[in-house]
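Computed over heavy atoms, backbone and side chain alike; hydrogens, waters and symmetry mates excluded. Order of the sequence lines sets the chain letters (A, B, ...), proteins ahead of strands, with each chain counted from 1.
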Amino acid sequence: MKPYHPNEIEPKWQAIWEATKTFEAKDFAKQPKMYIAEMFPYPSGYGLHVGHVRNFMIVDVLARFYRTLGHNVMRPFGYDTFGLPAENYAIKSGLPPQETTLTNINHFREQFKRMGMGVDWSREINTSDPEYYRFTQWIFKKLFEKGLAYQADNFQWWCPVDKTVLANEQVENGHCWRCGSEVEKKRMKQWFFKITAYADELLADIDELDWPEKIKTMQKNWIGKSVGAEVEFEVENTKTERKTARGKTRDLPTKIKVFTTRPDTIFGATFVVLAPEHRLISQLVTKNTRGEVEQYVTSALRKSEVERQESKAKTGVFTGSYALNPMTKKLIPIWVADYVLGSYGEGAVMAVPAHDERDFEFAEKFDLPIVQVIEGGGGEKCYHGEGALVNSGQFDGIDSAKAREEIVRELAKLGIGREKTTYKMRDWLISRQRYWGAPIPIAYDKTGKAHAIPDDQLPVLLPKISDYLPDDSGHSPLAKDKKFMKVVINGEEMTRESDTMDGYACSSWYLLRYADPHNSQQAWDKKKVDYWNPVDCYVGGDHAVAHLLYVRFWCKFFADEGLLGFREPVKKLLYNGYINAPDGKKMSKSKGNVIDPLDIVEQGYGADALRTYEMFIGPYDMDAAWSTEGLSGVHRFLNRVWTLTQEYLNAKNPAKTAKHRQMLLKLQHSTIKRVTEDLHRNSFNTAVAALMEMVNGLYKLKVDGFSKEWGSAIQALLVLLSPFAPHLASELFEQLGGDLNRATWPEWDEKYLMAETATVVVQVNGKLRGKLTVDAASLEDVAKLEKLAKKEPSVKKYLEGQTIKKVIVLPKNKLVNIVL
RNA sequence: GGGCGAGUGGUGAAAUUGGUAUACACGUCAGACUCAAAAUCUGAUGGCAGCAAUGUCGUGAGGGUUCAAGUCCCUCCUCGCCCACCA
């Protein structure tokens, strides 16, 4: 008998799939389409480890499952090659990123193929390919033309190690998402995409998505919508103190805008606080306060975000000026404090210490007045709940929720306030002072005005330059390439933009490009995208906010441009957990605990065992720790499948009818049902368990010899197994004389699942006391079940001398409960 | 500090709608095969008491609802993730 040697059969089937283009997806086929993809990887130089590949295996299992079910499946693959991680790797290895990228792609592809991935390789995408990024640039232009790509001169996050600005989404607790170093604030003119224009829709549509709640909540928090009011506070005019050094009277700011979600507490606003970044500070200081304020502002701005977060102790200084509370008509002092954020709302707040904890802390520290204007809180000094208004003039007694509306209406009437909605989300900063990215397709004329590069000059090719190291100049290394920087547009000589685009720009539309990957005329053909997209199932374990928000933003923009016919790009999202090292720690090259999938394959376990094990290890959305014992258990299972099939093939004169025909059929059909239902609900681990149970059951039955009917049972088993262990399943199916590639997913017949006898559980007071074996027909007879239950010896002894209050008979649950 | 999720054998974990808790696998123990080992096959395996039949306890802790709770409700503990001065 032939032994199971995965390394002999796996290359054979991989070659067949490749040669016959088994997994190429057909546009516009009649069957229902099913588009399944993983978040494409950036091909790091270290290759994939067994933790990464879980993501791809989930996709492959689903793709093969739906394919066998008869769907027109597209399961593409690509590489996210532009961006910081790829460039940093190239720098480290001392080679140009063009070179390392190609090497890494080849390595990834090799690993991928040897894991038996059923990929449509004709749709392979590489974001640093000019044929791809010409359209990334084209999309930039589209956004630019619509005013959704713009430049702004502001404080930005700057990573001193990676020497580039970063988007808000790329700053994690004040640290760079890539290198982990502390970021700084730097004032720079940068390019932004106006994602905030879609903030409302991005928020509203979250509820309809079939995505994990965790991710949906994170996106909601990130967008951070607050409904409130914008109110203008008049600045008290005290001209005499406002002489400049030259003795001239300066222009006075006449008003300060604040944002508040609690306009109902305006009568309790006893001071105003400006963020240190606020533009009007220098005009509000007096000659007495100037020195102190300037010193405070300088030191506050120099503080890193991490330092600001570490200490929540309130600090601040008085500007020397006063504002008028428009409701109480009282003069209230204007302070500067770093607990107010410059980049949110108006960068200024009306402080209501009686009803806001931060304002309260500040007022306590600097001895500022605290006026209660909302009832409630039960004697707490600071109460931020709802309640009736007090100390609020004409609004006294009105409930806070209603007072919010009335006070805003009053402010509007006075022309000094209006309803306003703000978002925590900021626009997406996309320019990078780095080499390895898609050049921004912009050039500046002599006056400094930005012009889009004409379509016929796209792509703006990224030139190969020898010195591509980032520097502190605030410009990308491209700025040093004089030839690149010069461009003639419509006869006018201009200077190119030297910054490149954030890598996330490239990955924000690749899911559309897969539908039409070789189109050289346009980014995609609308018909193809409308056929394939949105993605039916998108699988990944990262990028909860950044990527998944950008993809949604661009989709909505494209829909508004008439480029596609849907407004959400991803129907269903599966967010998979990590596979960690055996000790539970993250696998990483630096810790030296990575396990290479190819090593597992070559050790003799094979790709099938690796795949099946990673599906069996636990629920796909939970983290798990790698275990070699677990892997060998799965390998043992596959070996049992192999052995069983060989024994069946070698059996001499199999009987016409199996001795335990009903048991065989029940085993077969119940397994079909379980595996099918488990795959539909993404319960991969229990699907594998069901297959193991079937094989264990077949081993017990084979003691009584094989029959011809075993052929269809084994074939069904192999088809059910094929998403997990496609090589083994294909090989054995062929040995049985069939072609798995043409096989359809088996269906179960409920009639085989009906047992002739059933076990009914008998409880007394909810405790298991006995079991009845009855024929199927008796299940319908409630009275009979009750009678049998009471007669059962193991039950009877509990009933003696007791009064039965109630008997619950549930034929469906095969349960009788006798209540005493 | 706020939000979300989780806590079940020696281990990874099942239990889909409130209805037999611990499926499947690992590990361990025993048996078969073998000169022997590995591999393979078969069986046992939640704790406690008992030769056994069996009894009893048992899903982080405590309470509640229910004929019946791992599952629902309340309080608390532990761990994980996310957000964190957003007015």
Take atom [atom1] in [N] and the same atom in [M], then report the distance between them in whole Å.
N	M	atom1	result
B:rA69	B:rU20	C1'	14 Å
B:rA49	B:rA36	C1'	42 Å
B:rA61	B:rU8	C1'	15 Å
B:rG2	B:rU59	P	29 Å
B:rA68	B:rA21	P	14 Å
B:rA14	B:rU22	P	15 Å
B:rG27	B:rG46	C1'	15 Å
B:rC26	B:rU16	C1'	25 Å

For [N], give the paired nucleotide (Watson-Crick: N1-N3 plus N6-O4 or O6-N4; G-U: N1-O2 and O6-N3; both under 3.5 Å), or none.
N	result
B:rG5	B:rC79
B:rC85	none
B:rU16	none
B:rA69	none
B:rA49	B:rU54
B:rA36	none
B:rA21	none
B:rG31	B:rC41

Practice problem: Walk me through it: do A:D207 and A:K220 pass the test salt bridge (Lys or Arg N to Asp or Glu O under 4.0 Å)? | Solution: CA-CA 10 Å; A:D207 288 325; A:K220 281 183 192 169; 2.9 Å; yes
Examine [X] relative to [Y] and say whether NZ or CZ is less than 6.0 Å from the centre of the six-membered ring and inside a 45° cone about the ring axis.
X	Y	result
A:R54	A:Y620	no
A:R769	A:Y798	yes
A:K702	A:W710	no
A:K314	A:F366	no

Quiz item: Would you say the side-chain atoms of A:Y344 pair up with the backbone N or O of A:T422, donor to acceptor, closer than 3.5 Å?
Solution: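 It does not hold such a pair.
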Can you see if the side chain of [X] gets near the phosphate of [N] - specifically, an N or O under 4.0 Å from OP1 or OP2?
X	N	answer
A:R636	B:rC24	no
A:Y798	B:rG55	yes
A:N813	B:rU20	no
A:T643	B:rU40	no
A:Y339	B:rA87	no
A:R640	B:rA25	no

Quiz item: Do A:K214 and B:rC81 have a side chain to base donor-acceptor pair shorter than 3.5 Å?
Solution: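 Such a pair does not exist between side chain and base.
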Practice problem: Map A:L815 and A:D623 onto RNA chain B by nearest heavy atom, then report which one ends up closer to the 5' terminus. | Solution: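 The 5'-side residue here is A:D623.
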Quiz prompt | RNA chain B: 5'-proximal contact among A:M622 and A:A275 (nearest heavy atom) | solution =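 Result: A:M622.
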Could you check whether [X] gets within reach of a base, just the sugar-phosphate, or nothing at all, counting any heavy atom under 4.0 Å?
X	answer
A:V819	sugar-phosphate
A:S627	nothing
A:K424	base
A:G633	sugar-phosphate
A:K771	base
A:Q763	base
A:F616	base
A:I617	sugar-phosphate
A:K702	nothing
A:N696	sugar-phosphate
A:R769	sugar-phosphate
A:K805	nothing

Tell me: [atom1] of [X] to [atom2] of [N], nearest whole Å?
X	N	atom1	atom2	answer
A:D264	B:rA87	CG	C1'	12 Å
A:E213	B:rA6	CD	P	12 Å
A:L768	B:rU20	CG	C1'	6 Å
A:N580	B:rG80	CG	C1'	12 Å
A:Y4	B:rA39	OH	C1'	16 Å
A:K225	B:rA87	NZ	P	13 Å

Quiz item: Quick one: do the A:Y550 and A:E169 side chains pair a donor with an acceptor below 3.5 Å?
Solution: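 Looking only at side-chain atoms, A:E169 and A:Y550 do form a donor-acceptor pair, the distance falling under 3.5 Å.
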Tell me whether [X] is salt-bridged to [Y], with the criterion being a basic N under 4.0 Å from an acidic carboxylate O.
X	Y	answer
A:E693	A:R674	yes
A:E419	A:R404	no
A:E230	A:R418	yes

Practice problem: Classify the glycosidic conformation of B:rG63 as syn or anti, calling it syn when the angle lies within 90° of 0. | Solution: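 Judged by the O4'-C1' to base torsion, B:rG63 sits in anti, the angle falling more than 90° away from 0.
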What's the closest nucleotide to the [X] side chain, out of [options]?
X	options	value
A:R681	B:rA15, B:rC24, B:rC26	B:rA15
A:V761	B:rG19, B:rA87, B:rU20	B:rU20
A:K806	B:rC67, B:rC57, B:rA87	B:rC67
A:M692	B:rA87, B:rA14, B:rA25	B:rA25

